[in-house]
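For reference, the structure is listed below as structure tokens.
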Amino acid sequence: MATSESGSADGDGGSDSGDHDSGVGGRGSAVSLQNVRKTYQLGEPVHALDGVSLEIPRGSYTAIMGPSGSGKSTLMNLVGCLDTPTEGTVVVDGADVTTLDDRERTTLRGTTVGFVFQTFNLMPRLTALENVALPQLFQNVGRGERRERARELLERVGLADREDHLPNELSGGQRQRVALARALVNDPALVLADEPTGNLDTDTEDDILDLFADFHDAGTTMVVVTHERHVAERADRIVHLLDGKLERIERLDEETAGTRVRSSSSAGDEDGNENESGAER
Amino acid sequence: MRPLESLRLSWRSIRGHKLRSSLTTLGIVIGIAAVIAFVTLGASLQAGVIGDISPDDQRNVYGWAADPDTEGGPLAGAQPVFSQDDLDELESREEIDAAYGYMPISTQALVYEGELSPQSDALVAAGPTYIREDTLDEGRQFEQGEREAVINPAVAGQFEEDVEVGDEITVALQGGEQTSVTVVGITETSEGLSPFEGFEPSPRIYVPTDPYYTEDAAGDIPGGGDGGGTDGPGAGDDGGGGDGGDDEDADEQNDDGIGGGDGDGALFLAIVVEAPTADDDDVDAARESALAYLEGDDSDAGELLGDDLAVTLQTSAELLQQLEDVLSLLQNFIVGIAAISLLVGSIGIANIMLVSVTERTREIGIMKAVGAQNREILGLFLAEAVILGVVGAILGTVLGLVTGYLGVWYIDLPLVYPYEYVALAIVVGVVVGIASGLYPAWRAARTDPIDALRYE
């Protein structure tokens, strides 16, 4: 695939990012956390995450819930390769994040994680199309190819007629669709959404969540961080965090999750789905 | 990210703040424009002045006698001390090809076809080779001993009808006496033909020292003391009397008739010595030979020099060197001021880039989240600063060239664009951009994406 090829062409980080197409030794997890601890020194040490282990299988739809200060954001930063744990290992798409340097981590993030934020976080001076194409800009994809891919995704999120609009000319729902299209442009191993509907009204919220479900049905691994129950209930399972610890995992729709077949090219899919139930705890 | 993409993205953020970006570049624009304008002026001035030194002129050594302490250009404080005998002696020397006197003669007016045009100091008496072939537009040099003249276009165009080769002009001298000349040649430009005349265009009639200087009224010798003025009228054949106290010469002069004399007794204000070639060694040999004779006891000049005066013999290039020194001093001064302007300009760019980095913290976070490497962020902001610097340099160059052009056009000089400075200006723009953008870009690059995404 174009994205991973250019990723591996990008120097010695290539061996790591190249792994994600083949999967690692049949382990089907998009993300795997082992005994992860994240400690901040704020006068006295504060454990934002305290010994969390979690598997996020490929093709799954996971919601992460918890009150403020429960470690949701920290977990998201770790899964999104924005941060490294104090202890434990974080494996994203087969690559151990803790062993990567900053540059390799950035490459991994760019090619395997798609972000959707509560505040959309679009580039204000770029058009919808350019925003969608932005991640590919940093993967050295040619302009023509970029635009083609971005156009395709805008069409899939139903914004084909808005490609030349700037973010401030779009509604909140439309902006979040652009952000979702951008998250998907590099064909990532997972999409990481942080309160994706927090700034939207109820109707628009439903539209966006339907879109998430559509992409999940098409095989994309989704991780949604939220504190709203009805948003979390759209997932296969809900991971509850409390005080930096994994409280429990609530399974919502195990049968359907287990039978889902990924349509994308990943090799480890079936294994992943088989292993899913035994992955945690 | 490809460099071109980086430039494209940076250019867009610059265009997003048109006014701010324009004001930021102003310091660079002004600095570069000042340098380019003055360098253009300087180069044009040099070309206008030095361009006048033809290869033929390079073998000429210009001499005059003055108090060694006198400051100033050619002829400053010059006293007429050179006699025709001196010149004949010089010419007979091996190292010297030719030597002739130079003497400006005061006039009152020129008359052509009955039309009168008031004109002072229009007459220049010199040797035939003073008019070099390459400075002649038409006609030929005058000949020694003939009542012939070469005029410049300023004289030719002064009358209702243009003066042409073969025409006759009547010259009214300072003393009221009239003399006539036949035009045999017209020069190309109206600028001076030697450093003695200066380089300002002005109407001039070049005539042979014989007969015109020998019959010139006494007292018309500039800088020739005060004695001459009084016995001017009616003493037309008393050449050389201008310098008081040289009775011997004056007596001799009385023997010479109008036009018939060989000018032995007339004293020239200045001389031109021609070396056989323009080669430096030959020129130096001619100069030393001339100086040795003129300051020796055997020459008339040597007698007149006394203790106060010394003979100066210099080539055009040497004389112009003084002018150039002044020019380059002025140029350095301007460049110094421009450097300050550039420094202020680059501080301005650095400042605005820092503001820009802070303002776009969230954008930096977004870009990093979607896979932008530190060096790509660095490149983006550095490109922005460099674009500001280069755009400033280009605008400054254009402004400077236009200003220089207007200045050159106003002073009426040949236009010479200092192209190497244009290239230098662009380089300076790039350097200023990098220097002022490096720190802000580095700050942008090391922004933590987690903090940046949370930044309001």
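First the proteins, then the strands, lettered A, B, ... as listed; each starts at 1. Quantities reported herein were computed from a predicted structural model and do not represent experimental measurements.
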Which distance, rounded to the nearest 0.5 Å, do you find between the OG1 of A:Thr74 and the CD1 of B:Ile450? 8.5 Å
Separation between CG of B:Leu4 and CZ of A:Arg143, rounded to the nearest 0.5 Å: 9.5 Å
Is B:Arg8 salt-bridged to A:Glu130, going by a charged N under 4.0 Å from an acidic O? no
Evaluate whether atom CZ of A:Phe212 has more than 12 neighbouring non-hydrogen atoms of other residues, nucleotides or ligands under 6.0 angstrom away. yes
Looking only at B:Ser13, B:Ser6, B:Gly365, B:Ala369, the option with the highest number of non-hydrogen pairs under 4.5 Å against chain A is B:Ala369
Any A:Leu137 side-chain heavy atom under 4.5 Å of B:Leu9 side chain: yes
Which bit of A:Arg105 is near chain B, if near means a heavy-atom gap under 4.5 Å: side chain, backbone, both or neither? neither
B:Tyr417 atom OH, over 12 foreign heavy atoms within 6.0 Å: yes
If I measure from the heavy atoms of chain B, does A:Asn121 come under 4.5 Å with its side chain, its backbone, both, or neither? both
Would you sort out whether A:Thr107 and B:Gln373 count as a side-chain contact (heavy atoms from CB on, under 4.5 Å), showing the intermediate values? CA-CA 8 Å; A:Thr107 306; B:Gln373 299 286 357; 2.8 Å; yes
For A:Thr119 and B:Arg362, which I'm curious about, is there any donor-acceptor pair between the side chains at under 3.5 Å? yes
Report, as yes or no, whether the 6.0 Å neighbourhood of atom CD on A:Glu228 holds more than 12 heavy atoms from other residues, nucleotides or ligands. yes
State whether the number of non-hydrogen atoms from other residues, nucleotides or ligands found under 6.0 Å of A:Tyr40 atom OH is greater than 12. yes
Could you give me the CA-CA distance, side-chain angles and deciding distance for B:Arg12 and A:Met123, then say whether side-chain contact (heavy atoms from CB on, under 4.5 Å) is met? CA-CA 12 Å; B:Arg12 288 185 55 163; A:Met123 301 285 279; over 6 Å; no
Segment of B:Arg360 engaging chain A (4.5 angstrom heavy-atom cut-off): side chain
Side chains of B:Glu376 and A:Thr106, heavy atoms from C-beta outward: is any pair under 4.5 Å? no
Could you state the interatomic distance from CD1 (B:Ile377) to CZ (A:Phe138), rounded to the nearest 0.5 Å? 5.5 Å
Can you tell me which of A:Gly110, A:Cys81, A:Pro135 forms the most heavy-atom pairs within a distance under 4.5 Å of chain B? A:Pro135
Counting heavy atoms not belonging to A:Phe120, are there more than 12 under 6.0 Å from its CZ? yes
Side chain, backbone, both or neither: which part of A:Leu122 has a non-hydrogen atom closer than 4.5 Å to chain B? backbone
Could you check whether atom CD of A:Glu148 has more than 12 heavy atoms from other residues, nucleotides or ligands sitting under 6.0 Å from it? no
With no hydrogens and no angle check, is any side-chain donor or acceptor of A:Arg109 less than 3.5 Å from a backbone partner on B:Lys368? yes
Are A:Arg103 and B:Asn374 close enough that some pair of their side-chain heavy atoms sits under 4.5 Å apart? no
To the nearest 0.5 Å, tell me how far B:Ile366 CD1 sits from A:Asn131 CG. 7.5 Å
To the nearest 0.5 Å, tell me how far A:Arg125 CZ sits from B:His17 NE2. 5.0 Å
Heavy-atom pairs under 4.5 Å with chain B, option from A:Ala183, A:Ser73, A:Gly142 with the top count: A:Gly142
